[in-house]
Amino acid sequence: MPELPDVEKHRRTVAEHAQGRTVERIEVNDPELLHGTTAQGLGRSLVGRTVAEPRRHGKWLLVPFDTDGPTLLYHFRMTGELVWVTDPTADAAGGAVTLDLGNGQLVYRSRRRLGGVSYLRAGQEPQEVTGELGPDATTLDREQLGALLAGRRGGLKSALLDQSLIAGLGNELVDEILWRSRLHPRRAAAGLGQQELDTCHEQLQDVLRRSIRAGHVPAAADWLTGQRDADDPRCPRCQAQLETDQVGGRTTLWCPQEQPARQA
DNA sequence: CCTAATGTTTGTGC
DNA sequence: AGCACAAACATTAG
């Protein structure tokens, strides 16, 4: 269930196991999930090349090859994952796009077949594939956050979810950040007071830091998002019944006691 | 059978 | 132009 912390975990997998290794063979079992080239083209281009340092921007994982070679862009949408497999008989099956690096295989798969792996020629801009992306959420300072929100006319949650504004925040992360900041998801993005903005920035960074360390969301049992699938979802702080509705087109949970619709 | 699902894109309409 | 909303994407799970 990929959110930014899951993508960051995949980046580390590549950095730990694949970086510095040379591609021996590629395997494409689901050509629909390979964009920008064909299976044959991918093999011609990548076999013999060395995996360079992986980067992450928002929910995109960029894996460059050689110093001036092509780049693979991984996107996970709802069900994608990237796993390092050393026993091919066990896990490699079901992989849509696999890089064989000799000592193991980097396997991309997506159960719902959303997302995929995009091939970027040397010198081609990632933005051609990713579309416009705001600054990565983990790098946002308070002033940047304030400026970005101040320029929006719509709702707070919608703004935080907009990848072209801030890259990397997903549905669960945003609910968590708003709950901890005691801000209602439908508050006006541009309407936060200085204190509220401070809190929002602080909680945004803290939620990211903790969930990246955990490698997933929620990072702990007392997080709001742990209540998502509960029979009787309650606020982990005050035990009030949580509210559920669609906000910004997404299922949203909040505490009606602690996250008032209007500024206090 | 129906509904909803952690993400994004595309179209429509204000 | 900016933003909200709905539907679509492909598939699984409940």
Side-chain angles (χ1 to χ4, degrees), chain A residues 1-10 29-36 56-62 73-82 93-97 108-118 126-134 136-137 147-179 184-191 204 207-208 210-212 214-220 223-233 242 244-254 261:
Chain A
M1 308 179 179
E3 285 248 13
L4 184 152
D6 304 88
V7 181
E8 181 60 23
K9 190 175 61 186
H10 298 324
N29 288 315
D30 192 342
E32 272 187 57
L33 297 191
L34 177 63
H35 313 298
R56 182 190 55 73
H57 189 147
K59 298 170 202 169
W60 288 90
L61 176 63
L62 291 79
L73 280 87
Y74 290 86
H75 203 287
F76 302 94
R77 296 286 274 269
M78 305 259 260
T79 58
E81 58 176 349
L82 189 63
V97 179
Y108 174 86
R109 59 185 165 212
S110 176
R111 262 199 315 180
R112 267 166 61 190
R113 303 182 63 237
L114 295 168
V117 184
S118 298
Q127 200 189 330
E128 290 183 39
V129 170
T130 65
E132 197 191 337
L133 291 178
D136 186 79
L148 290 171
L149 291 179
R152 288 286 285 213
R153 285 190 278 109
L156 181 56
K157 175 160 183 175
S158 299
L160 293 173
L161 282 174
D162 186 342
Q163 300 298 298
S164 68
L165 195 72
I166 300 169
L169 299 181
N171 196 30
E172 299 202 354
L173 285 172
V174 168
D175 277 4
E176 199 67 54
I177 292 162
L178 293 176
W179 173 69
H184 192 284
R186 285 197 235 262
R187 286 280 300 274
L204 187 155
V207 163
L208 284 175
R210 293 178 52 178
S211 54
I212 284 172
H216 50 80
V217 184
W223 280 29
L224 176 83
T225 35
Q227 294 291 310
R228 190 162 271 271
D229 298 321
D231 297 335
D232 180 28
L242 294 175
T244 307
D245 201 356
Q246 297 284 121
V247 180
R250 317 302 306 281
T251 300
T252 300
L253 244 64
W254 74 92

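The basis for the numbers below is simple: all heavy atoms, side chains too, and nothing from hydrogens, waters or symmetry mates. Everything numeric in this text was worked out from a predicted model, so none of it was measured. By convention in this document, chain letters (A, B, ...) are assigned in the order of the sequence lines, proteins followed by strands, and residues within each chain are numbered from 1.
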Could you tell me the separation between the [atom1] atom of [X] and the [atom2] atom of [N], rounded to a whole number of Å?
X: A:R109; N: C:dT12; atom1: CZ; atom2: P; answer: 14 Å
X: A:L253; N: B:dT6; atom1: CG; atom2: P; answer: 10 Å
X: A:R113; N: C:dT11; atom1: CZ; atom2: C1'; answer: 9 Å
X: A:K9; N: B:dT6; atom1: NZ; atom2: P; answer: 18 Å
X: A:M78; N: B:dT3; atom1: CE; atom2: P; answer: 17 Å
X: A:L161; N: C:dC3; atom1: CG; atom2: C1'; answer: 14 Å
X: A:D175; N: B:dA5; atom1: CG; atom2: C1'; answer: 14 Å
X: A:D162; N: C:dC5; atom1: CG; atom2: P; answer: 14 Å

Determine the interatomic distance between P on B:dG11 and the same-named atom on C:dA10; round to the nearest Å.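 It comes out at 16 Å once rounded to the nearest Å.
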Using the P atom on both, measure B:dT6 against C:dC3 and round to a whole Å. 23 Å
Indicate yes or no: does [X] engage [Y] in a salt bridge with an N to O separation below 4.0 Å.
X: A:R250; Y: A:D175; value: no
X: A:R113; Y: A:E32; value: yes
X: A:D6; Y: A:K59; value: no

Looking at A:V129, is its backbone amide N or carbonyl O close enough to the side chain of A:H35 to form a donor-acceptor pair, meaning the two atoms are under 3.5 Å apart? no
Is a side-chain N or O of A:Q163 found less than 3.5 angstrom from the main chain of A:G168, in a donor-acceptor match? yes
Which part of the nucleic acid, if any, lies within reach of [X] when heavy atoms closer than 4.0 Å are counted: base, sugar-phosphate only, or nothing?
X: A:S110; answer: nothing
X: A:G249; answer: nothing
X: A:G151; answer: sugar-phosphate
X: A:R250; answer: base
X: A:T251; answer: sugar-phosphate
X: A:G155; answer: sugar-phosphate

Is a side-chain donor-acceptor pair under 3.5 Å present for A:S110 with A:E81?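 No donor-acceptor contact under 3.5 Å links the two side chains.
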Classify the angle between the aromatic ring planes of A:H75 and A:W60 as parallel (below 30°), tilted (30 to 60°) or perpendicular (above 60°). perpendicular
Heavy atoms of A:E3 and A:E172 approach each other most closely as OE2-N, 2.8 Å
Once Watson-Crick and G-U wobble pairs under 3.5 Å are found, how is DNA chain C written in dot-bracket notation, 5' to 3', with | for any base paired to another strand? .||||||||.||||
Mapping A:R228 and A:T130 to their closest nucleotides on DNA chain B, which lands nearer the 5' end?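 Counting from the 5' end, the first nearest nucleotide belongs to A:R228.
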Looking at C:dA4, I'd like to know if its phosphate oxygens (OP1 or OP2) sit under 4.0 Å from a side-chain N or O belonging to A:S158. yes
Counting only side-chain N and O atoms of A:R111, is one of them less than 4.0 Å from OP1 or OP2 of C:dA13? yes
A:R112 (side chain) and C:dA10 (base): donor-acceptor pair under 3.5 Å: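 Indeed there is one.
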Nearest of C:dC9, B:dT8, C:dC3 to any side-chain atom of A:Q163? B:dT8
Measuring from the side chain of A:N171 (C-beta onward, heavy atoms only), which nucleotide among B:dT8, B:dT6, C:dC3 has the closest atom? B:dT6
